[in-house]
Amino acid sequence: MSQLLAVVIDGIVYASWLFIIAVGLTLIYGVMKILNIAHGSLYALGAFTAVSFCTAWFGHNYAAAGSFAMLAAAAIVVGLVFGPLIERGLLRFMYGKDEVVLVLVTYALFLILEDVIKLVWGVDPLLVQGPNGETPYSVLGNFEASGLSYPYYNLVLVGVAVATGAALTWVLTRTRSGKLLIAVIHDREMSAAMGIDVGRTYFVTFTVGAMLAAVGGALTAPTVSVVTGMGAEVIVMAFAVVVIGGLGSLPGAALGAFIVGMVRAASIHYKPELELFSVYLVMAVVLIVRPKGLFSGAEVRKI
Amino acid sequence: MKIGTVLRAFVAAIAALGLSQTAQAQDKKTSIKIGFVTFLSGPAAGPFGVPAKVAAEAIVESLNAGKAPPPYQSKGIGGLPIELVIIDEAGGATKQVSEYRTLVQRQDVDIVIGYIGSGDCLAVAPVAEELKKLTVLLDCGTPRIFEDASYKYVFRTRPHATMDAVAATMYLLDNRPAVKRVSGINQNYAYGQDSWNDFEATIKTMKPAIEIISSQMPKFGAGQYGAEISALISSTPDVIHSSLWGGDLEAFMLQAQPRDLFKSAQLVLVAGEPYLHRLPGKIPDGTIVGARGTNGVFAPDSPLKRWLVEVYKGKAGLEPNYPAYSTAQSFLGLKAAYEKAMRDKIGSAIPMGAAKNVKEEMEKAYSPPNQEEIIAAFEKITFDSPSGKVRMALGKGHQAVMGTAYGTTRFENGVVKVGNIKYYDAEKVTPPEGVTSLDWIKSGFKRSN
């Protein structure tokens, strides 16, 4: 029983982390039909910027709790700088091209950004760490559940994931701009003919998606050592999640993340040698049964 | 007239070309060009690749200036200055094979030193054999290179990884004989799996009563270890074995430390030495660490060690870690072999007066040794290094053996210190020639048949 509880907690924590990373990917695909490989770089940029901001914060000997503000600031800055830069500077010239071309374009961008990161931050692993070794991860303390101690930081992850999902759902279903967005998803040309500013919709969507990637990176930074190449690892997992859920589907990303998180946690606890295999087994099974993912196909609306 | 000028220019050009070609052919060797392959990007760059590169540059600079302590005081290698061509090892084995071909066939290097990843070493070794190019493997650990194959052109001047597991187990049982339950967390790729399999087999052979509870094999670069840590805590091990390195090790330590995983479980970090200065306060007291040989903090004091520390510190500002020691071993091993080949040639030259063509014979004897002669001298050589004496004793004289050491950490005045250091002789921790590592462990460490 206690082990089952541990599986559920571990699963939910991992699923939240996955969801934060995958939701931006699926949002951008849903609206713009771009499978954004550079999402991994934006995630890495979020993490590296978070390191720099937090290091500066700790360098002034400010209270460790404030480092959370630095994480948020890093995500916002990366989103607001790189989102518009990439969308206005590169992607808008590519709209209307084949989806495969766009994958290649974003892949090229991914490679470029990886090198930019190397140029700016170097190749040494970096840590978000205060003068006495405190990190946003450990500063909140632990809670006990089923005989195990978990950092409260994990609850922050879960909270951010739930809040992100809820906010996006609310915007898409309850607001005017959400309805305009859904119109654009359905039929880009018709929406444009009706006077919807498609370019602006794309601009905002990509910026939000970029910011979500950076949020994922910034929240991950305190728990890992931030190294070049971290974006490549993440994009594979995020892609698996999004494919399981159905490309472009918001509930799909949530369900995909939940399934992957649970399966992974269960295999680690009960059969660790199957960990890597299990995630892709789920992906294969889902794709055999529903080739377009769980939340795709019958529904016309994708987001 | 005009045609005449053009023709003359053409002929002159051809002649010049021909001259320069013959000039080149007759040109005496003026330097030794060494291709050096190491990770300059990717997760292995920070902890291993870049320290190896910095060490290579520092060592070559010092050797070229003739500033190394004896027996390496002669300039460069055999008097010829070393020229380095540095290549990035990132990108996987297939890419490395083609990079290797470029290095040998286009850049025309004399010798290749390099490769940290075991997969890269396994892939490049047969190609070195095919291209007949002397290649010294730098820092990869897999014992399979000379256990599964036999090479003429390939050498490895650092010991293989079996001793890491064997010595770790000996150290553990020496210091904590009551240990009952052991778990592991290793990366799911060649090195991680080899490490764990060797360790598991050694434990089973040396003390079958020990229970192996769980072996976590997260993906390389997984980053998130929450569930693994939960599983490890709930399996209540006395000891956790790990060959994690780089960002993965740091992420695991960052996530495990606040969750009190190490309150009850002692950690064994097979390759923990390069992180001691990076994770102060995050490596729990009593962690057993190794440096994959008598490198770094385990290197006994000697003029060569002091030399390496000095030249490395001059470039990097830090103490050299074990990849820097491996780099020193490869350059010094090569230099020792090359200069031994020179002495062998002179020694075996026909004594003066006994031959007719004295001048020619003497010129031949004093010319730089060719590759075959270097290889003959390299096989089974024993040379000094900053980590102690290296013997090329395995793999028909192509694989180095050395003793190794383990120690226990304690946190003191803001730095991690390693104490209770124990040394293990090469014979105790390395299989004999002709026996594979796993067979040797399973046979109960038999030295002879």
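To find a chain, count down the sequence lines: A is the first, B the second, and so on, and within it residues start at 1. As the structure is a computational prediction, the values presented were derived from the model and not from experiment.
Highest contact tally toward chain A, considering only Ala45(B), Gly221(B), Gly223(B), is held by Gly221(B) [criterion: heavy-atom pairs under 4.5 Å]. When each of Asp115(A), Val227(A), Asn142(A) is checked for heavy-atom pairs under 4.5 Å with chain B, Asn142(A) comes out on top. The candidate from Arg264(A), Lys118(A), Met237(A) with the greatest count of non-hydrogen atom pairs under 4.5 Å with chain B is Arg264(A). Your options are Ser214(B), Pro218(B), Pro258(B), Ser215(B), and the one with the most heavy-atom pairs under 4.5 Å with chain A is Pro258(B). Chosen from Asn154(A), Leu148(A), Thr223(A), the residue pairing most often with chain B at heavy-atom distances under 4.5 Å is Thr223(A). Between chain B and the residues Gly229(A), Ser149(A), Pro222(A), the largest count of heavy-atom pairs under 4.5 Å involves Ser149(A). No other option in Glu250(B), Gln224(B), Gln216(B) has as many heavy-atom pairs under 4.5 Å with chain A as Gln224(B).
Proximity to chain A (any heavy atom under 4.5 Å) is shown, for Ser230(B), by both the backbone and the side chain. Contacts between Leu232(B) and chain A at a heavy-atom distance below 4.5 Å are absent for every atom of the residue. Heavy-atom distances place the side chain of Leu276(A), and not its backbone, under 4.5 Å from chain B. Only the side chain of Tyr14(A) comes within less than 4.5 Å of a heavy atom in chain B; its backbone stays farther off. Looking at Glu114(A), neither its backbone nor its side chain comes within 4.5 Å of chain B, counting heavy atoms on both sides. Of the two parts of Leu126(A), only the backbone, made up of N, CA, C and O, holds a non-hydrogen atom closer than 4.5 Å to a non-hydrogen atom of chain B.
Put simply, the residue from Trp245(B), Tyr325(B), Phe39(B) that forms a ring pair (Phe, Tyr, Trp, His ring centres under 6.0 Å) with Phe48(B) is Trp245(B).
A pairwise comparison of heavy atoms in Val226(A) and Val51(A) identifies CG2-CG2, 3.4 Å as the closest pair. Heavy atoms only, all atoms of each residue included: Ile240(B) and Ala265(B) are closest at CD1-CB, 3.8 Å. A pairwise comparison of heavy atoms in Tyr322(B) and Asp139(B) identifies CE1-OD2, 3.6 Å as the closest pair.
A donor-acceptor distance shorter than 3.5 angstrom exists from the side chain of Asp238(B) to the backbone of Lys180(B), with no hydrogens or angles considered.
Below 30°, between 30° and 60°, or above 60°: for Tyr153(A) and Tyr137(A) the angle between ring planes is above 60°, a perpendicular geometry. Ring planes of His241(B) and Trp196(B): tilted class, angle from 30 to 60°.
The number of heavy atoms from other shown groups lying within 6.0 Å of CZ (Phe58(A)) is above 12.
Salt bridge status for Lys219(B) with Glu233(A): present, with a side-chain N to carboxylate O gap under 4.0 Å.
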